[in-house]
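Structure first, then comments.
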Amino acid sequence: MKPYFQLDKNIVHLNHAAVAPWPLVTRDAVIAFATENAAIGSQNYDLWMQTEQQLKQKLKHLINARSTDEIAILKNTSEGLSLIAQGLAFNPADNIVIPAEEFPSNKVVWQALQTQGIELRQVPVQDIDEPEQALINAMDENTRLLSCSSVQYARGLRLDLDLIGQACRQNETLFCVDAIQSLGAISFDAQACHADFVVADGHKWMCGPEGTALFYCRQQVQDLLQLRQYGWHMLKDAFDFSHQHTTLQIADNAQRFESGSPNMMGIAALNASLGLLLDVGIEEIQNKLIENADHLIAQLTSDSDITILSPTQKGRYAGIITFQKQHVDNVKLYQHLQDNDVICAYRGNGIRFSPHFYTEAQLIDKAITIVRDFSV
Ligand SMILES: Cc1ncc(COP(=O)(O)O)c(C=O)c1O
């Protein structure tokens with residue numbers, strides 16, 4: 001495969017579910033941005049704005065949004081989820097449904113509403129046969145919103161979003177997806193799954209920088225979000241500084257959620273990363289990524305001392321495989337892997353490996369050998 005990445009020879013990077021390394025094109029885009037800025041400052045600001053629009057086009061394409069009018073670029077997933085939680089006008093009788101095992105970003109924003117009397121229903125989805133149905137069953141006529149990760153961060157359970165989204169639409173419940181563990185790894189269709197909101201920072205499977213995030217808000221629900229932060233960039237004619245409106249003229253698209261100056265360097269970086277991923281093709285990426293996950297599962301399964309904690313049925317996992325080794329201290333094993341340049345994570349009481357599409361099988365095998373040889 002073409003060397004899209006150039007990690008140090010000794011590094012085995014199995015941590016794309018945390019913070020991914022950058023491809024070479026992204027490194028080059030950031031160097032070019034810095035070099036230009038040091039030489040001529042913002043003289044070419046109009047070109048930076050073009051890159052911003054290009055990134056919105058790519059994000060639109062990535063999630064099959066109807067229009068870039070539904071896309072804003074924010075700081076991170078937490079900011080997007082907060083805009084939703086703080087923007088919706090809840091009634092005291094409303095409830096919100098989330099999986100119990102969510103990453104804190106998709107939990108704390110809803111927990112913060114409990115002071116207003118909003119009930120938060122946390123539904124266990126791990127290790128059960130029909131996680132979607134469990135979430136659907138937790139809804140009633142007062143469920144204002146259901147929010148879930150497309151792929152659970154700790155053990156990698158992949159949810160059938162179409163099923164959940166359809167039930168939400170029928171119940172007139174808003175559907176919010178934290179897609180950070182699938183965008184850039186597997187295909188995603190905001191229209192097919194009836195998502196009202198999709199949020200994801202770019203630093204995991206999209207292989208971009210931290211601090212540059214997708215915020216998708218379906219056109220028809222944009223007015224439901226009261227604005228909680230304000231600035232020049234969210235105005236209709238943001239760059240027309242000549243006239244003074246007596247009333248606020250807020251942009252009538254998702255730009256209204258971008259209050260001030262954009263993170264132009266992050267945008268240049270994520271635009272380069274996504275450009276590469278879209279050139280390779282998400283279907284091709286998904287195939288290679290699942291091939292790697294399958295290889296990992298096969299290797300782990302062949303060792304009777306290893307228990308895989310992730311679901312292993314086809315369609316139930318994406319890039320995350322979490323496991324435990326019997327008879328050893330798994331925290332020490334995790335540390336041992338780190339010490340041997342295997343970058344991974346300890347999550348969900350196990351060791352989490354998350355190889356991407358470009359990860360070579362021999363590197364996965366190297367990590368597995370270290371796991372097998374560990375005996376303390
Ligand atoms: C499911 C999920 N959501 C969100 C985040 C990160 O949120 P933020 O972009 O606000 O840092 C992570 C990071 O591990 C995650 O796994």
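Order of appearance sets the numbers: ligands from 1, and atoms from 1 within every ligand. Source: prediction; values computed, not measured.
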Can you name the one residue among Asp178, Asn106, Asp196 that meets side chain to side chain donor-acceptor pair (under 3.5 Å) with Ser147?
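For Ser147, the side chain to side chain donor-acceptor pair (under 3.5 Å) check succeeds only for Asn106.
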Consider every N or O of Gln181 and every N or O of ligand 1, then say whether any pair is closer than 3.5 Å.
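N/O-N/O distance below 3.5 Å exists for this pair.
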So, regarding Asp178 and ligand 1 (criterion: nitrogen or oxygen to nitrogen or oxygen, under 3.5 Å), is there a contact or not?
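Indeed, backbone or side chain, Asp178 has an N or O that close.
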If hydrogens are left out, which of Ile180, Leu81, Val19 has an atom nearest to atom 2 (C) of ligand 1, that is, the closest non-hydrogen atom?
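Considering heavy atoms of Ile180, Leu81, Val19, the nearest to atom 2 (C) of ligand 1 sits in Ile180.
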Just which atoms of ligand 1 are under 4.0 Å from any heavy atom in [X]?
{"X": "Tyr153", "result": "16 (O)"}
{"X": "Asp201", "result": "9 (O)"}
{"X": "Ser149", "result": "1 (C)"}

Taking the non-hydrogen atoms of Ala213, is any one of them nearer than 4.0 angstrom to ligand 1?
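Flag not set, Ala213 not near ligand 1.
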Lys204: heavy atom below 4.0 Å from ligand 1, yes or no?
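Yes, Lys204 has heavy atoms under 4.0 Å from ligand 1.
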Salt bridge or not for [X] and [Y], using N-O below 4.0 Å?
{"X": "Arg372", "Y": "Asp305", "value": "no"}
{"X": "Asp140", "Y": "Arg121", "value": "yes"}
{"X": "Arg316", "Y": "Glu132", "value": "yes"}

Tell me: protein heavy atom nearest atom 7 (O) of ligand 1, and distance?
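Ranking protein heavy atoms by distance from atom 7 (O) of ligand 1, first comes Ser105 OG, 3.1 Å.
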May I ask you to identify the nearest protein heavy atom to atom 10 (O) of ligand 1, giving residue, atom name and distance to one decimal place in Å?
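Minimum-distance protein heavy atom for atom 10 (O) of ligand 1 reads Ser78 OG, 2.5 Å.
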Backbone N/O of Phe353 and side chain of Asn15: donor-acceptor pair under 3.5 Å
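Side chain of Asn15 to backbone of Phe353, a donor-acceptor pair under 3.5 Å: no, none is there.
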I'd like to check Ile73 versus Leu214 (side-chain heavy atoms, cut-off strictly below 4.5 Å). Are they in contact?
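Result no, sub-4.5 Å side-chain heavy-atom pair not found.
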Side chains of Leu159 and Ser150: closer than 4.5 Å at any heavy-atom pair?
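Sidechains of Ser150 and Leu159: no contact.
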Side chain, backbone, both or neither: which applies to Thr77 and ligand 1 if a contact is any heavy-atom pair less than 4.0 Å apart?
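Contact part for Thr77 vs ligand 1: both backbone and side chain.
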Using the rule given for ring-ring contact (aromatic ring centres under 6.0 Å, His included), can you reason through Phe175 versus His194, listing the C-alpha separation, both sets of side-chain angles and the distance that settles it, and then say yes or no?
CA-CA 7 Å; Phe175 184 35; His194 301 293; 8.8 Å; no
